[in-house]
Structures are given as structure tokens and as C-alpha cells.
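To find a chain, count down the sequence lines: A is the first, B the second, and so on, and within it residues start at 1. Nothing here was measured: the structure is a model prediction, and the numbers come from that model.
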2 protein chains.
Amino acid sequence: MAKDGSTGSTAAATTDGTTPGGGDIARSLELLWGTGDRPSRGPKPGLTLDRIVTAAIAVADAEGLAAVSMRRLSTELGTGTMSLYRYVPGKAELLDLMLDRVLGEPLPDEPGRPAAAPPAPDDWRVAINRMATTYLDNLRRHPWLLKINQARTVLGPSALRGLELSLAALRSMGLRDPELIGVIITVNSFVEGLARTQGDAEEAVAQTGLSDEEFWDSQRPYLERAMLSGAYPMMASMSEDTFSADFDHFAFGLERLIAGFEVLVAERTADAAADRT
Amino acid sequence: MAKDGSTGSTAAATTDGTTPGGGDIARSLELLWGTGDRPSRGPKPGLTLDRIVTAAIAVADAEGLAAVSMRRLSTELGTGTMSLYRYVPGKAELLDLMLDRVLGEPLPDEPGRPAAAPPAPDDWRVAINRMATTYLDNLRRHPWLLKINQARTVLGPSALRGLELSLAALRSMGLRDPELIGVIITVNSFVEGLARTQGDAEEAVAQTGLSDEEFWDSQRPYLERAMLSGAYPMMASMSEDTFSADFDHFAFGLERLIAGFEVLVAERTADAAADRT
DNA sequence: CGGTTTGGGGTACGGTGTACTCAGTTCGCT
DNA sequence: AGCGAACTGAGTACACCGTACCCCAAACCG
């Protein structure tokens with residue numbers, strides 16, 4: 001997934017002459033924020049960045065990120081493979097663009113839910129709950145999101161808008177600015193970790209063609225021998241429903257997290273009251 | 001990274017004749033729990049599974065999971081590439097073995113810390129804190145851990161031992177069994193998500209050769225223009241230290257999480273007391 | 001000692017990202 | 001109107017990857 005690095009950067013340096021790696025980011029930024037004015041000489045482009053990104057996302061959603069290759073996209077779009085490089089500096093940048101597109105897009109209408117996004121609620125608990133569920137929904141809709149390096153995501157307009165909305169909703173907590181960011185990071189980290197586990201499980205089913213049940217059944221003899229060995233007394237004494245799928249780990253964890261924030265907010269308001277007297 | 005799937009499973013079926021995918025798991029299980037008795041006909045093996053896994057981990061630690069290829073490992077070990085397939089069914093299984101090895105190994109001695117693992121403390125807060133820090137340490141030492149599908153990790157002896165120790169330490173919380181698992185999953189998810197963000201950042205520095213500062217500087221003009229546009233009032237009003245690196249997001253989030261658990265434990269003990277009266 | 005079983009390794013195939021090169025199109029300027 | 005510049009599209013080629021297949025040498029059993 002990650003490009004080779006050695007061949008990539010050195011090759012870019014020999015070709016372009018710009019500082020290796022730096023030129024690509026500038027190029028990505030222009031692609032994201034750019035005015036889109038195209039030079040007025042030469043033939044009109046037969047493709048759009050938008051179409052490429054859309055096609056890439058469609059393929060990734062349907063068959064996983066591994067299916068997204070330049071050759072595959074070109075056949076999908078009916079062009080030559082190398083033509084894509086007229087619009088995108090490289091595959092890494094294409095992945096960046098996919099990220100920004102998906103993270104910022106409003107959730108598509110679902111049958112059970114009203115389409116319009118309601119304004120930010122003044123209750124931060126509800127806001128956090130919405131943040132987490134929305135993010136989890138997004139990650140489940142696009143499982144490949146977690147396989148793309150998010151650190152160097154160029155902060156596109158849509159990503160900024162999401163952060164802005166979150167911050168506005170959390171303002172009522174009365175925490176300091178870095179703590180607000182901490183809240184967001186904590187919630188997002190929890191959701192990401194959970195989504196990764198779930199996504200891995202689904203991917204494993206798809207790739208091996210083996211259901212979860214079959215998988216665990218294949219391990220059962222080894223596990224039972226281990227339990228009988230006496231080396232794992234705690235695990236051997238666990239109740240039957242311990243690993244049941246009925247338990248909603250997302251709801252459980254999120255509830256605990258919000259309860260933890262509640263404690264901090266209560267402390268702060270108590271402090272403020274003490275200062276006032 | 002993930003193997004092709006179509007070629008992999010079908011090829012395994014044509015070669016071996018066993019149910020596609022199922023044979024590999026059985027093979028992995030035997031590799032993990034197996035007795036290691038080798039047949040006494042034919043030449044002695046010049047390699048060990050252990051040496052292969054060790055070499056793979058070394059390469060992954062030093063240069064990232066992308067550098068772990070069968071050809072690379074073979075040159076590292078001084079053998080032919082295809083010889084490796086006498087010991088490992090395929091690359092996917094090798095990754096599984098790397099996982100189990102690393103997740104179960106005791107942390108190597110570090111200068112500042114005593115080497116012996118102390119017995120499980122009876123205070124579950126300390127236990128959770130230790131769980132989280134240990135896991136985070138592990139993920140930082142081996143950033144490639146998060147790029148391997150953990151869902152179908154064969155539960156090896158070392159993985160079981162870790163789970164057993166965690167459960168023993170959390171027993172004093174007095175929660176139901178599924179909730180105990182929920183606690184572990186929640187903490188681990190949080191740590192994984194955070195580690196992923198940190199790992200992505202380091203990887204980005206290594207790959208692009210661009211420090212974080214340089215990266216953000218390159219975005220500054222676009223961000224400033226966005227701030228001045230008035231479309232992001234909350235973000236524009238943030239204090240200077242909001243995104244400072246001084247703030248320890250790991251400590252902050254973990255503290256909130258533990259506080260949230262505390263609330264639940266308190267509720268339970270209160271309920272128990274009410275029942276007793 | 002002959003046969004059988006096993007490990008080691010070479011070759012080859014289909015896949016990937018992408019550098020390089022050349023042909024063809026379209027506009028601005030003279 | 002014509003020409004040259006600037007641009008797009010596409011083909012070819014290279015270095016990687018995982019691994020199927022095949023053959024040979026080594027080691028034990030009878």
C-alpha cells in the first residue's frame with residue numbers, strides 16, 4: 001500500500017528537479033484548494049480529477065483498497081493508464097484526495113433517517129454521541145479509510161468544516177482549547193480502534209471465505225486443550241456469554257468515555273463556583 | 001499488503017486440494033501449538049521457523065512492513081527465496097506468526113525500568129494504566145502491528161497469556177464477564193487508534209523526508225486564507241497552544257476512560273449495597 | 001546399497017507503480 | 001489563415017512483488 005519510498009522519492013527528484021516529496025504536497029494542495037483554471041493552449045482534458053477520485057472510491061468501496069490500482073482505474077474510466085498521471089502526481093496523492101472527499105461528504109440519505117443535518121445541539125453529550133456514530137458509520141461504509149495514512153492528509157475544506165462543527169458543539173463543555181482537541185482525539189481514537197477490529201473481521205471473512213464461526217470452531221480443540229491445562233484459570237472460569245455478539249462494545253465504551261468527560265466537566269464547574277465565592 | 005485473495009485462495013485449492021483457506025489456518029495452528037517433531041527421512045532443515053520470524057520482525061521494525069518481502073527475507077537469511085515456503089505456507093501466515101510472537105513477548109529490558117514483571121496489582125486502575133501503557137509501548141516499538149489483520153490471529157499461547165493476565169487484574173472491578181471484555185476492548189481500541197495516528201505521523205516523516213513543521217508550514221497559506229474567510233469562526237478563535245505537542249493526549253484520554261469506568265464500578269457497588277439492605 | 005522422502009533453489013507468470021517517449025490535438029499569435 | 005507552442009493521451013519498459021512448478025541433492029530406512 002505505502003509506496004516504495006526509495007524508488008518513489010528519488011525518481012521524483014531526478015524527474016522534476018524539485019525537492020523530493022515537497023513538490024508533491026504543493027501539488028496536492030493546489031489540487032484541493034486550487035482555482036481550477038486550466039491553461040488555454042492544447043486540447044481539452046478528457047478526464048476530471050473528480051471522476052478519477054469518484055471511480056477510485058467506488059472501486060475501494062466495492063472491492064477493497066487493494067483493488068485500486070492505476071491500471072484498474074484506467075480501464076474503469078476507459079482511458080490509458082498513464083493518462084491518469086496528468087491529473088494526479090502519484091497514487092499516494094490520489095489516496096489523499098479520496099480521504100478528503102469521503103471525510104467531508106455529508107452522509108448519504110438512508111431510508112430510516114432524515115437527510116438534512118440538524119444544527120449542532122447544545123448538549124455536548126449528544127454531540128459526542130453523534131460525532132462518534134457518524135464517524136463509525138463513515139468508517140464502516142468505507143473500510144479502507146483506516147488503511148490510508150491520515151497524518152499527512154492535506155487539510156482540505158471539507159475536513160476543516162467537520163472539525164469546525166465538532167468544536168462548536170463541544171464549546172459548552174467549558175474546557176480549555178487543548179483539552180477540547182483531546183476530547184475529539186480520544187473519541188476518534190476509540191472509534192477508529194473499534195472500527196479497525198470490525199473491519200478486519202469482515203475483511204477476513206471476505207478473503208478466506210471462512211465465517212467467524214467456522215474459524216473459531218477450527219481453533220476449538222487447541223483452545224480446549226489450553227483451558228484444561230490449568231494455565232489459564234481466569235479464562236477457563238468465564239461464563240458462556242462472555243464473548244457473545246449481543247454485547248454492544250461500541251455503546252459500552254462510548255458511554256464510559258462520556259461518563260469520564262462528565263466527571264471532568266463537573267470538576268471544572270465546581271472549581272469555577274469555588275473561585276466565584 | 002493484503003494478498004490478492006482470488007489468486008491466493010484458488011491457487012491453494014488447485015495445489016493442495018483442501019478447502020480453500022481452511023488448510024492454511026490448520027497449518028498455522030500446527031505451527032503455533034505444534035510439537036515440532038520433524039520427520040527423520042531426508043536432509044536436516046537448514047532453517048528454523050523461529051529464525052524466519054525473527055528476521056521478518058527485525059526487517060519490519062527497521063524499515064517497515066513494506067520492506068518485508070520473501071525475497072528480502074531470503075537474502076537476509078542467506079537462502080533461496082522459495083526455501084522459505086518449506087517453513088511457512090504463505091506470507092499471510094508469516095504475518096500471523098509475527099503477530100503472535102510480538103504480542104506475547106515480554107517487554108525487553110529498558111534502562112529506566114526494572115526487568116521483572118511485577119505480579120498483577122489488586123488495584124484495577126493501576127492495572128488498566130499498565131495495560132494501556134504496555135500496549136502502547138508495544139505498538140510504538142512495532143508500528144507495523146496495526147497493519148496486520150488481527151481478526152484472524154490464531155490465538156497462540158502468548159496471546160492467551162496476555163488476556164489471562166488482564167482479566168485477572170480486572171476481576172476486582174466486580175463487573176459481569178462481557179463487561180470485563182468490554183473494558184479491555186475499549187482500552188485497547190483507544191490505544192490502537194492513538195498509536196495509529198502517531199505511527200502514521202512518523203511514517204510520513206520517514207517517507208516524505210519532510211518534518212511535521214515543514215509540512216504544516218507548507219499548508220499555512222491555505223489555512224490562513226481559510227481562517228480569514230470567516231467560514232471557520234471556532235477554529236479561528238482557538239488559542240495558540242491548542243495544537244501544542246506538549247499536551248499528552250494519551251494521558252488525557254486514558255484518565256477520562258478510567259474515570260468513566262470508576263463511575264460504573266461505583267454504581268454497581270452502590271446497587272449491591274442497596275440489595276444487601 | 002537402493003529407494004524413498006525431504007529440503008533447497010532456479011525459473012516463470014501475472015500482478016503492481018511509474019519513468020520515459022512519441023504522436024496527436026488545440027489554441028494564440030502573427 | 002497558417003504556424004508553432006503547449007498541452008493531452010497512450011504505449012513501452014523496468015523493477016519490484018507473491019508464489020506455482022519443477023528438478024536436484026541429501027539423508028534415512030529397509
Side-chain angles (χ1 to χ4, degrees), chain A residues 1-17 20 23-24 27 37-49 51-52 56 59 63-75 77-95 207, chain B residues 1-17 20 24 37-49 51-52 56 59 63-75 77-95 207:
Chain A
M1 170 188 327
K3 80 172 166 186
D4 201 353
S6 65
T7 62
S9 55
T10 53
T14 51
T15 305
D16 201 24
D24 296 338
R27 184 81 183 267
D37 51 347
R38 67 172 208 87
S40 63
R41 200 74 76 85
K44 286 175 211 163
L47 235 51
T48 341
L49 224 192
R51 282 189 59 204
I52 298 179
V59 171
E63 306 175 41
L65 195 60
V68 177
S69 74
M70 299 311 255
R71 282 175 178 80
R72 169 65 187 275
L73 287 182
S74 67
T75 64
L77 292 166
T79 69
T81 304
M82 295 318 290
S83 305
L84 300 178
Y85 286 91
R86 295 278 162 197
Y87 302 86
V88 174
K91 195 186 180 182
E93 287 76 14
L94 175 58
L95 298 184
Q207 272 193 5
Chain B
M1 172 185 328
K3 81 173 167 188
D4 202 350
S6 64
T7 62
S9 56
T10 54
T14 51
T15 305
D16 201 24
D24 297 338
D37 52 346
R38 67 171 209 86
S40 62
R41 199 69 79 86
K44 286 174 211 163
L47 236 50
T48 341
L49 224 192
R51 281 189 59 204
I52 298 179
V59 170
E63 307 175 39
L65 196 61
V68 177
S69 74
M70 299 311 254
R71 282 174 177 81
R72 170 64 188 274
L73 287 183
S74 67
T75 64
L77 292 165
T79 68
T81 304
M82 296 316 291
S83 307
L84 300 178
Y85 286 90
R86 297 276 166 197
Y87 301 86
V88 174
K91 193 185 180 181
E93 287 75 13
L94 175 57
L95 298 184
Q207 273 193 4

Rounded distance in Å - [atom1] ([X]) to [atom2] ([N]):
X: B:Met82; N: D:dA20; atom1: CE; atom2: P; result: 7 Å
X: B:Glu93; N: D:dG18; atom1: CD; atom2: P; result: 13 Å
X: A:Leu73; N: C:dG15; atom1: CG; atom2: P; result: 16 Å
X: B:Tyr85; N: C:dA12; atom1: OH; atom2: P; result: 18 Å
X: B:Leu84; N: C:dG10; atom1: CG; atom2: P; result: 12 Å
X: A:Leu65; N: C:dG17; atom1: CG; atom2: P; result: 10 Å
X: B:Arg72; N: D:dC16; atom1: CZ; atom2: C1'; result: 14 Å
X: B:Leu95; N: D:dC17; atom1: CG; atom2: C1'; result: 14 Å

### Query
Within the structure shown, what part of the strands sits under 4.0 Å from B:Ser74 by heavy-atom distance: base, sugar-phosphate, or nothing?
nothing
### Query
Base, sugar-phosphate, or nothing for B:Thr79, non-hydrogen atoms under 4.0 angstrom?
sugar-phosphate
When you measure from the side-chain N and O atoms of [X] to the phosphate of [N], is any distance below 4.0 Å, counting only OP1 and OP2?
X: B:Tyr87; N: C:dG8; result: yes
X: A:Ser69; N: C:dT16; result: yes
X: B:Ser83; N: C:dG9; result: yes

### Message
Looking only at the side chain of A:Lys91 (C-beta and beyond, no hydrogens), which of the listed nucleotides C:dT18, C:dG10, C:dG7 gets closest?
### Response
C:dT18
### Residue closer to the 5' end of DNA chain D, B:Ala67 versus A:Leu47 (nearest nucleotide)
A:Leu47
### Query
Is there a donor and acceptor pair closer than 3.5 Å between the side chain of B:Arg71 and the base of D:dT19?
yes
### Message
Is it the case that the side chain of A:Tyr87 and the backbone of A:Thr48 share a donor-acceptor pair, with hydrogens and angles ignored and the cut-off at 3.5 Å?
### Response
no
